**Student:** 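Below is one structure. I have some questions about it.
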Amino acid sequence: MIVSRHTSRSLDSDEPDTATPTPPRSTVPARRAGEDELTKGQHRLDPALRMSVQRPAPGVAVVSMNGDIDLAAAPRVTELIRQRLTAAALRALIVDLSTVSFIDTTGGELLLQAQRRAEQRGIDMHVVPGQGCVRRLLDLTGIDDSLTCHDSVSTALAHARHQ
């Protein structure tokens, strides 16, 4: 945006320009709370994705995610699922994505990779996609054909306990 300022000074005048320039406005949005500068060696977790792990029964783990699953979140999601799949005595992993607000194809690929790892280790993996964006991604891409999907965590738990 170009802004011109008119002054009453004549262009032919030898008087110095005494108009005080207006400082430019910042186009960078202000930082949100918690967005401090990182110091060397620290890692900031993606605030848009929250993950939790619960163990509702012996040999069963439920990984719940809330927020956005995209390229930026992929390393965290991959590491958390890898840790669960390599845990001793795990026979079923339930991935609850019912409250995920955004997922891209990276998230779909992560689910397929997790399914392959689970199969290699003899672990049953169950996915709760919910009715939003995760369900749409799985339906549109056909990934749901490769996964064991359930409508709720309680349904997934019931299936995991009977296997």
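The model shown is predicted, which means the values in this text are computed figures rather than measured ones. The analysis underlying the following values was restricted to heavy atoms, covering all of them including side chains, and did not include hydrogens, waters or symmetry mates. Count residues from 1 along the sequence.
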**Student:** Could you tell me whether a side-chain N or O of Thr86 sits under 3.5 Å from a main-chain N or O of Gln83, the two making a donor and an acceptor?
**Tutor:**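 Side chain of Thr86 to backbone of Gln83: a pair is present.
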**Student:** Transitive ILVMFWY cluster of Val62 at side-chain heavy atoms under 4.5 Å: who else is in it?
**Tutor:**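 Val60, Ile94, Val128, Val153, Leu157, which link up through side-chain heavy atoms under 4.5 Å apart, make up the rest of the cluster.
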**Student:** Supply the atom-to-atom distance Ser64 OG to Gln54 CD, rounded to the nearest 0.5 angstrom.
**Tutor:** 5.5 Å
**Student:** According to salt bridge (charged side-chain N to carboxylate O under 4.0 Å, His left out), does anything in residues 51-67 pair up with another residue at least two apart or in another chain? List the pairs.
**Tutor:** none
**Student:** In Å and rounded to the nearest 0.5 Å, what is the CG to CD distance from Leu85 to Glu119?
**Tutor:** 11.0 Å
**Student:** How far apart are the C-alpha atoms of Arg84 and Val53, what are their side-chain angles, what is the distance that settles it, and do they pass the side chain to side chain contact (heavy atoms under 4.5 Å, CB included) test?
**Tutor:** CA-CA 9 Å; Arg84 297 292 70 83; Val53 178; 3.5 Å; yes
**Student:** Would you list the atom pairs, donor with acceptor, under 3.5 Å between side chains in residues 100-111 and any protein atom, with sequence neighbours excluded?
**Tutor:**
residue: Ser101; atom: OG; partner: Gly67; partner atom: O; Å: 3.2
residue: Ser101; atom: OG; partner: Asp68; partner atom: OD1; Å: 2.8
residue: Asp104; atom: OD1; partner: Thr106; partner atom: N; Å: 3.0
residue: Asp104; atom: OD1; partner: Thr106; partner atom: OG1; Å: 3.4
residue: Asp104; atom: OD1; partner: Gly107; partner atom: N; Å: 3.4
residue: Glu109; atom: OE2; partner: Gln113; partner atom: NE2; Å: 3.4
residue: Glu109; atom: OE2; partner: Arg116; partner atom: NH2; Å: 3.4

**Student:** Would you call Asp124 and Arg91 a side-chain contact if the rule is heavy atoms closer than 4.5 Å?
**Tutor:** no
**Student:** What donor-acceptor contacts under 3.5 angstrom involve side-chain atoms of residues 134-149, with partners at least two apart or in another chain?
**Tutor:**
residue: Thr141; atom: OG1; partner: Leu137; partner atom: O; Å: 2.7
residue: Thr141; atom: OG1; partner: Ile143; partner atom: N; Å: 3.4

**Student:** Is it true that Glu79 and Arg76 make a salt bridge, defined as a side-chain N closer than 4.0 Å to a carboxylate O?
**Tutor:**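 Salt bridge flag = no for Arg76 with Glu79.
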**Student:** Looking at CG of Leu90 and CD1 of Ile123, how far apart are the two atoms once the value is rounded to the nearest 0.5 Å?
**Tutor:**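 Taking CG in Leu90 and CD1 in Ile123, the distance rounds to 4.5 Å.
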**Student:** Restricting to side chain to side chain donor-acceptor pair (under 3.5 Å), what partner residues turn up for Gln120, sequence neighbours left out?
**Tutor:**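 Side chain to side chain donor-acceptor pair (under 3.5 Å) check on Gln120 returns nothing, list empty.
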**Student:** Specify the closest pair of heavy atoms between Ala73 and Leu49, including all atoms of both residues, with the distance to one decimal.
**Tutor:**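 The answer is CB-CD2, 3.5 Å.
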**Student:** Taking all non-hydrogen atoms of both residues into account, name the closest pair between Pro56 and Arg161 and its distance.
**Tutor:** O-NH2, 3.8 Å
**Student:** Go through the structure and list residues passing side chain to side chain donor-acceptor pair (under 3.5 Å) with Ser98, not counting sequence neighbours.
**Tutor:**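 Here the qualifying residues are Asp96.
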**Student:** How about Ile81 and Met65: do any of their side-chain heavy atoms sit closer than 4.5 Å?
**Tutor:** yes
**Student:** Val127 versus Met125: any side-chain heavy-atom pair under 4.5 Å?
**Tutor:** yes
